A.B. asks: 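Structure in structure tokens, see below.
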Amino acid sequence: MPDTLTVTDNRTGKQYEIPIKDGVINATALRQIKTGPEDIAGLATYDPAFMNTASCRSKITYIDGDQGVLEYRGYPIEQLAERSTYLETAYLILFGELPSAAQLKEWTTQITFHTMLHENIKKLMEGFQYDAHPMGVFLSTVGAFSTFYPDAKKIFDEASRKKQIHRLIAKVPSVAAYAYRHSIGRPYIYPDNDLSFTGNFLNMLFRMTELKYKVDPALERALDVLFILHADHEQNCSTSAMRGIGSSHVDPYSAMAGAAAALYGPLHGGANEAVLRMLNEIGSVQKIPDFIKRVKAGEGRLMGFGHRVYKSYDPRAKIIKKTADEVFEVTGKNPLLEIALELERIALQDEYFVTRKLYPNVDFYSGLIYQAMGFPVEMFPVLFAIPRTSGWIAQWEEMILDPEQKIARPKQVYIGASRRDYVPLDKRS
Ligand code: ACO
């Protein structure tokens, strides 16, 4: 018995056999069904916000939202967070397999080699206002990279793509650190090639006058784990932006500026920043019930709760909770933690959140860790963008090489005015 869906058109009595493959039907197969005698284009589907539409086939990340499963290239996130490093995970996401020792050495060398920024990038970043949001600086600078590396336009040249991958993975921490130092009026710190990927990032952020920055190994590891957790998350808003923009065959820097812009929004990568603002606004455990009441009345959302895909506990949130304990041992407890824990406890028992399957997502606790590590809230989305760079480029490259992909162009259902004649200004009421 072939795997097909039989559609009967009640108006004509005609039947259509639509093949089902990998759990989906091809939307263009519906075109053979006409909605009327004049209809040439055929039947289409209406799916605002892509609630039930797959836009690609992908081998990168698997999510089972009901079971709380997240895997990169088949490896469970829990195992990667426990045993891998961000750079190794980025390699896995980009190239499909865990690297051999020699491959990891070469990859690490390449990334270390590309961490420096062109001096003119520095000048460009100096042009921003002292209080510019670092995410705005970040996405503008990534876009500006396309003018520094015009060879990136050769998107079908494998060697060129590899070079842009090295540049992007290596340079995003430098851009993020420069954006941060700029916002607090401190001089930019050049990369230190003796340090690990995250160790060097902490060096570029926090080094003062000491000759060598001493990295705290617990904080270095915690940041690395957070980077692993944020590396990819299949077809989310920013990744869809990366693929959508990239589908016009623009260079990856321009596409990634758009992806970073999508991540900036409070419903996506800006959520951890919004969580901290929310916790500050609540201010004390006693005020939580009143806050929950307002959320339930539709006067705002419980930030860091809910997810388009996860309808159970976000597996990343579980790992983050453990990482938070390790960080707080070094930094001391974040005073907002008490409010967050109580908020979670109350929400998870409340019928409103239970029936809607709203659980803490990755951003509920990550902001508390970042704040305890000394990051201002404005840096939170930037800290998300650094590791997500590996996911964005992996997804972009997969799209570029996929023969089924074309320039992205959704359909619309037109509901505006019918054809009418232009009215001169003096005849308008
Ligand atoms: N607080 C209160 N109510 C919520 C929340 C929330 N955080 N999230 C969803 N709901 C409610 C909605 O009001 C809606 O209720 P209704 O059916 O009575 O109208 C129902 O739950 C379903 O919500 P949708 O908006 O349809 O869910 P959607 O999948 O579109 O949204 C999203 C997912 C954007 C993440 C949403 O849950 C949200 O806004 N959460 C807060 C922001 C946040 O934490 N974002 C980070 C996501 S993780 C990431 O990007 C890394």
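Keep in mind that what you see is a predicted model, and the values were worked out from it rather than measured. Both ligands and their constituent atoms are indexed starting at 1 by order of listing. Start at 1 with the first residue, then count along the sequence.
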A.B. asks: For Y86, is there any backbone N or O sitting under 3.5 Å from a side-chain donor or acceptor partner on D224?
C.D. replies: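 Judged by distance alone, yes, a pair lies under 3.5 Å.
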A.B. asks: Which protein non-hydrogen atom lies closest to atom 47 (C) of ligand 1, naming both residue and atom, and how far is it?
C.D. replies: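 Among all protein heavy atoms, the one nearest atom 47 (C) of ligand 1 is N361 ND2, 3.7 Å.
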A.B. asks: Nearest non-hydrogen atom to atom 41 (C) of ligand 1 belongs to which of F384, Y310, F305?
C.D. replies: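 It is F305 whose heavy atom sits nearest to atom 41 (C) of ligand 1.
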A.B. asks: So which atom in L229 and which in Y72 form the shortest heavy-atom distance, rounded to 0.1 Å?
C.D. replies: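 What the structure gives for the nearest pair is O-OH, 3.3 Å.
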A.B. asks: Does ligand 1 have an atom under 4.0 Å from some heavy atom of Y352?
C.D. replies: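 Yes.
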A.B. asks: Which option out of G306, P266, G304 puts a heavy atom nearest to atom 37 (O) of ligand 1?
C.D. replies: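 Shortest heavy-atom distance from atom 37 (O) of ligand 1: G306.
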A.B. asks: Which ligand 1 atoms are under 4.0 Å away from a heavy-atom of V362?
C.D. replies: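 It comes down to these atoms of ligand 1: 51 (C).
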A.B. asks: Applying a heavy-atom cut-off of 4.0 Å, say which part of L302 lies close to ligand 1: side chain, backbone, both or neither.
C.D. replies: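 The answer is both.
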A.B. asks: In terms of atom number and element, which parts of ligand 1 are under 4.0 angstrom from non-hydrogen atoms of A271?
C.D. replies: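 Those of ligand 1 that fall under 4.0 Å from A271 are 43 (C), 44 (O), 45 (N), 46 (C).
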A.B. asks: Among all protein heavy atoms in this structure, tell me which lies nearest to atom 50 (O) of ligand 1, with the distance rounded to 0.1 Å.
C.D. replies: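 Minimum-distance protein heavy atom for atom 50 (O) of ligand 1 reads H268 ND1, 2.9 Å.
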A.B. asks: Scan side-chain atoms only and decide if Q405 and E398 contain a donor-acceptor pair under the 3.5 Å cut-off.
C.D. replies: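 Side chains of Q405 and E398: no pair found under 3.5 Å.
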A.B. asks: Measure L358 to ligand 1 on non-hydrogen atoms and call it side chain, backbone, both or neither using the 4.0 Å cut-off.
C.D. replies: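 Near ligand 1, L358 shows its side chain, while the N, CA, C and O stay back.
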A.B. asks: Ignoring hydrogens and geometry, is there a side-chain-to-backbone donor-acceptor pair from S247 to A408 under 3.5 Å?
C.D. replies: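 Such a contact is found between S247 side chain and A408 backbone.
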A.B. asks: In the complex you have, is atom 19 (O) of ligand 1 within reach of the protein, judged by whether a heavy-atom distance drops under 4.0 Å?
C.D. replies: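 No, there is no protein heavy atom closer to it than 4.0 Å.
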A.B. asks: Would a search of protein heavy atoms around atom 26 (O) of ligand 1 find one under 4.0 Å away?
C.D. replies: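 No.
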A.B. asks: Which part of H307 is near ligand 1, with near meaning a heavy atom under 4.0 Å away: side chain, backbone, both or neither?
C.D. replies: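 The part of H307 near ligand 1 is both the backbone and the side chain.
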A.B. asks: Determine, step by step, whether K21 and D3 satisfy the side-chain contact (heavy atoms from CB on, under 4.5 Å) criterion, reporting the C-alpha distance in whole Å, the side-chain angles of both residues, the deciding distance to 0.1 Å, and the verdict.
C.D. replies: CA-CA 7 Å; K21 194 179 163 208; D3 215 1; over 6 Å; no
A.B. asks: Look at R243 together with D402 and state whether they make a salt bridge at an N to O cut-off of under 4.0 Å.
C.D. replies: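 Salt bridge: no.
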A.B. asks: Taking R57 first and then D22, would you say they form a salt bridge - that is, a charged N and a carboxylate O separated by under 4.0 Å?
C.D. replies: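 Judged by the 4.0 Å cut-off on N to carboxylate O distance, R57 and D22 do form a salt bridge.
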A.B. asks: With a 4.0 Å cut-off, would you call D325 and K321 a salt bridge?
C.D. replies: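 Here D325 does not pair with K321 in a salt bridge, since their nearest N and O are not under 4.0 Å apart.
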A.B. asks: Is ligand 1 under 4.0 Å from a heavy atom in the side chain of V295, in the backbone, in both, or in neither?
C.D. replies: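 Just the side chain.
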A.B. asks: Would you mind checking which non-hydrogen protein atom is closest to atom 45 (N) of ligand 1, with the distance to 0.1 Å?
C.D. replies: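 Here the closest protein heavy atom is L267 O, 3.2 Å.
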A.B. asks: Is a donor from one side chain sitting under 3.5 angstrom from an acceptor on the other, for Q164 and R161?
C.D. replies: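 R161 and Q164 do not have a side-chain donor-acceptor pair below 3.5 Å.
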A.B. asks: Could you see which bit of D363 sits under 4.0 Å from ligand 1, with heavy atoms only: side chain, backbone, both or neither?
C.D. replies: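 The answer is the side chain of D363.
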A.B. asks: Counting non-hydrogen protein atoms only, what is the nearest one to atom 42 (C) of ligand 1? Give residue, atom name and distance.
C.D. replies: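 For atom 42 (C) of ligand 1, the nearest protein heavy atom is M303 CE, 3.4 Å.
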A.B. asks: Hey, looking at atom 23 (O) of ligand 1, which of R356, R301, R308, R316 has the closest heavy atom?
C.D. replies: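 Looking at heavy atoms only, the winner is R301.
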A.B. asks: Could E342 and R345 be called an ion pair, given the rule that one side-chain N must be under 4.0 Å from one carboxylate O?
C.D. replies: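 Looking at R345 together with E342, the answer is yes, because their closest N to O distance falls below 4.0 Å.
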A.B. asks: Within 45 degrees of the axis of the six-membered ring of Y365 and under 6.0 Å from its centre: does K322 put its NZ or CZ there?
C.D. replies: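 K322 over Y365 ring: no.
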